[in-house]
Amino acid sequence: MTIERYNPRAVEPRWQTAWDEAGLYETKTDAPGEKYYVLEMFPYPSGRIHMGHVRNYTMGDVVARYKRAQGFNVIHPMGWDAFGMPAENAAMQNKVHPAKWTYENIASMRTQLKSMGLSLDWSREFATCDVEYYHRQQMLFLDFLDAGLAYRKKSKVNWDPVDMTVLANEQVEDGRGWRSGALVEQRELTQWFFKITDFAEDLLQALDHLPNWPEKVRLMQKNWIGKSEGLMVRWSLAEGGKPEGIDELTVFTTRPDTLFGASFLAVAADHPLALKLAESDPKLAEFAAECRRSGTSAEALETAEKKGYQTGVEAVHPFDPNWKLPVYVANFVLMDYGTGAIFGCPAHDQRDLDFARKYVLPVKPVVLPPKEDPTVFSIYSEAYDGDGVLFNSGFLDGKTPDEGFEAVASRLENADLAGKPIAERRINFRLRDWGISRQRYWGCPIPVIHCEACGVVPEKRENLPVELPEDIDFEKPGNPLDRHPTWRKTSCPQCGAEALRETDTMDTFVDSSWYFARFTAPRAENPTVPDTANQWLPVDQYIGGIEHAILHLLYSRFFVRAMKTTGHLDLGEPFKGLFTQGMVVHETYKDGREWVPPADVNIFEENGKRVATRISTGAEIAIGGIEKMSKSKKNVVDPEDIIGRFGADTARWFVLSDSPPDRDVIWTEAGAEGAFRFVQRLWRLVSEAAPHVAGTGAVSDPEAQPGLDIRKAAHRAAHGVQTDIERLGFNKAVARIHELVNALAGPLSEIGKADANTKAAAAAALDMLVRLIAPMMPHLAQECWTLLGHEDFVSAQSWPAVDAGLLRDDSVTLPLQINGKKRGDLTVLAEASKAEIEQAALAAEVVRQALNGGEPKRLVVVPGRIVNVVV
RNA sequence: GCGGGCGUGAUGGAAUGGUAGACAUACGGGACUUAAAAUCCCGAGGCGAAAGCCGUGCGGGUUCGAGUCCCGCCGCCCGUACCA
């Protein structure tokens, strides 16, 4: 009998249609089974899916299908993170309307995603740029405003003085605007903020109750929130040099114990003191202007060379009226953190030390490290930030830094400066309120109105949605809403007078901060149906990239708190389980200066070295590094091509198999072909065996071979795959399935000649195998399932039950070590006691030789693990 | 700069502090074939004839035992609040 090759191009669309028609993956809130919410981070509709999407959505799909087989009522929705800058850039470059560009991209990406055979509930799909979605987001905004969670304040933006527009941080390159090339300036605008800092303490504390989040993400968020306990210390400014009206300077410090090591004070360029001084000091004004030209990103600010400007103002040390310290304006002091002013202790802070060396300021150590001699200990090029004993510090001498903190705090709390205590204890957070204003068109309009008489007035709820106008132009840079001829003009909801609409739109992070909640009732009149949201949420397993470890996840955590405050749901945390998957990377190829796409490259081995040639020209080209797939380096593999050539199951299998899911996976042609061969191998195995195992009954003799081995292999694989999927160890689950197929290949090749008992065992094993691969390769599994004589859907089958008795062995082989090095094996009964193992070990030939008649120094026995004899 | 992570054969990787290299890819040998592809079987960390020695980015340490834990480096990746 000849077996045809498995043809995914015919099989996959056929089953996808059948699943669709059966409504197999549409979720009913009242269906039986415990709820389980699987969600992958929804994509930005860039136009085409990439391998990163394939990997992300395959992982989620495996979990969804596995949980369904376990009897859960699974919800697995999909949508589009559809607002954002790329649509506006496309509008400027290609004169296409952002909406048209976005919805066309969504249409083609939807088709691509559907070809992957994902078990998604498409009936819940929406895009964040749908009016129906951002309408509800505006409702949330108004509720947040009422609850005091939204407010306006001044804040800085990157301003391009040539294009007269606000730039995103990524649009600033080396301090210049990416289009105009003009030096960027910082500008202050009044903008909208969400009060995430109201929840700072809770956002921090609750991290301890997210056991199913990666430790690294919790740590990153903890550090981002940055709670610190410190002291606000007021320094009086010395007479002469201090500007009129400013008599003191308040700094925040977490190290008051090092006060005696202070050698300077520094303030931010935008600190009130700096602004005041700059009025009469042109050089300072120029220095401050220079500080403002670096753009607003923390990275740019902090990697810039540390510079300061000595103002001539002096501050008086709180413990010594005769000790005066110079006050600098410094580019590394941030106005957003603490009070925008610091005192520098060079001996115990590296940045302060670098600053002190540059401006030749004193470096006096005040913390003595253990085992150091106070008479000779000095600081050279490295600051000491460890523990020790305070010295050179007057009344603090001999105390630990912690005791010093307390001593300084209690003394200064009770000391007086101009009728108020000099210092005050303060808990400070690094976390800042979330600025949501964007001066752009393609985003959710902020539904407020500016009235000359009434000020800032929320739009009436019955007037929502505030819709984006469609007739806009992108001829000029800047916000099209601002220059629209009529859109802004409206009447004040309060007094009815002529008024203007807010033209800022919301940060797209707002859109993605509650979409998971909207999925639970995607067509509801209100943002959520609270009962339904509470029933489905939290998301049990959320899967996405590590790049979202802080902002997106923290903003979503804020949103459920704010939505709870405003009555939209009742939930502690949005995501119960979180998994961060790695990227898909690919080798790069270069023909001279030109990057060459992998599709135009032929790789072969010559004299043990890999050689690449360009298919179109035949020329040998250079093999470059393995990098994140990017258009600029052309090292992109298009999932559509892969699915067209090999089918979705091959693509899915490959992205699951080759790397641990939290690490990067390297896409290789050979790996993809290998996955395709495995698909064919599985198909052949099942289709050759199917006629022989059809209609076999139950296993009659459970102990007979080879039936027992076949059953053991199947049950062990099922157990392993189950454990691995539970832990999202997909690559290991794949290895377990390889092992099972390897184990079945021998017996199945002779199944035609086998007895009924063996056939029955083989039939059961094949049945199990197909169920095990179903979450990962659903189309192939379905086709095999049908071959094995079933008429229903394998996706509707339950997960195979594992017989624990088949997982055990009668005897185990332990490695036998002598002095920690393996010298032999020891086979003992599985239930052997420690003493029995010890006896067996001492009786072993290698051990007797090593002991040479003597006694072992030590005998380590870990049952089921190892025996180590120390001689 | 700061915060977080990662580093194991030719390659991707496996390994509750307990046999380093499961499983796969590439490669080599064999079977089948007129031939090739596909398929099946076998081999394989390095050095060595073997016994054995060496081996998880580098340098130290803890332990009966370290890829795993601790300290110090190096390299790469992610984030750094207006990319999503």
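All chains are named by letter (A, B, ...) in the order of the sequence lines, taking the proteins before the strands, and each is independently numbered beginning at 1. Fair warning: this is a prediction, and the values are worked out from it, not measured in the lab.
Contact annotation for A:K216: backbone-only contact, meaning every heavy-atom pair under 4.0 Å involves sugar-phosphate atoms and none involves a base. Within 4.0 Å (heavy atoms only), A:A549 reaches no atom of the nucleic acid at all. Within the 4.0 angstrom heavy-atom criterion, no nucleotide atom of any strand lies near A:P43. Across all strands shown, A:Q439 has heavy atoms under 4.0 Å from base atoms, whether or not it also approaches the sugar-phosphate. Within 4.0 Å (heavy atoms only), A:G582 reaches no atom of the nucleic acid at all. Across all strands, A:N742 comes closer than 4.0 Å only to sugar-phosphate atoms, never to a base (heavy-atom distances). Residue contacts for A:Q221: at a heavy-atom cut-off of 4.0 Å it reaches no nucleic acid atom on any strand shown. Residue A:F509 is classed as a base contact, given a heavy-atom separation below 4.0 Å to a base. Among the protein residues, A:E739 comes within range of the sugar-phosphate backbone only, with heavy atoms under 4.0 Å from sugar or phosphate atoms but none that close to a base. Across all strands shown, A:S297 has heavy atoms under 4.0 Å from sugar-phosphate atoms exclusively, and none from any base. Residue A:W224 is in base contact, counting any heavy-atom pair closer than 4.0 Å across all strands shown. Using a 4.0 Å heavy-atom distance criterion, A:S437 is classed as a base contact. Counting non-hydrogen atoms under 4.0 angstrom, A:Q817 reaches a base of the nucleic acid. Residue A:R218 is out of contact with every strand shown, counting any heavy-atom pair closer than 4.0 Å.
Sequence order on RNA chain B of the closest nucleotides to A:G746 and A:G674 puts A:G674 first from the 5' end. Closest-nucleotide positions on RNA chain B for A:T813 and A:V157 were compared, and the one nearer the 5' end corresponds to A:T813.
Nearest heavy-atom pair across A:D385 and A:R255 is O-NH1, 4.3 Å.
Look at B:G5: its glycosidic torsion is beyond 90° from 0, and that puts it in the anti range.
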Let me have RNA chain B in dot-bracket notation, would you? Count Watson-Crick plus G-U wobble pairs, both distances under 3.5 Å, and use [ ] for pairs crossing earlier ones and | for inter-strand partners.
(((((((..(((.....[....))).(((((.......))))).(((....)))..(((((..]....))))))))))))....
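Summarising the geometry, the separation between CG on A:N819 and C1' on B:U19 is reported as 16 Å, rounded to the nearest angstrom. At whole-Å resolution of the value, CZ in A:R681 and P in B:A38 are 15 Å apart. As rounded to whole Å, 15 Å separates atom C1' of B:A81 from atom OH of A:Y337.
A:N169 and A:S297 are not linked by any side-chain donor-acceptor pair at a separation below 3.5 angstrom, with hydrogens and angles left out of the test. When only modelled atom types and interatomic distance are considered, A:D160 and A:T165 share no side-chain donor-acceptor pair under 3.5 Å.
Contact of A:E547 with B:C83 (side chain to base): no donor-acceptor pair of N or O atoms is detected under 3.5 Å. Counting atom types as modelled, A:N169 pairs no side-chain N or O with a base atom of B:C82 as donor and acceptor under 3.5 Å.
B:G7 and B:G21: their C1' atoms are spaced 16 Å apart (whole Å). On the P atoms, B:G18 is 11 Å away from B:A66, given to the nearest whole Å. Only the P atoms considered, B:C69 is 11 Å distant from B:G5, to the nearest whole Å.
Residue A:V157 forms a side-chain contact (heavy atoms from CB on, under 4.5 Å) with just one option from A:T296, A:V184, A:L189, and that option is A:L189.
Annotation: A:F355 is in aromatic contact with A:F332 [ring centroid separation under 6.0 Å].
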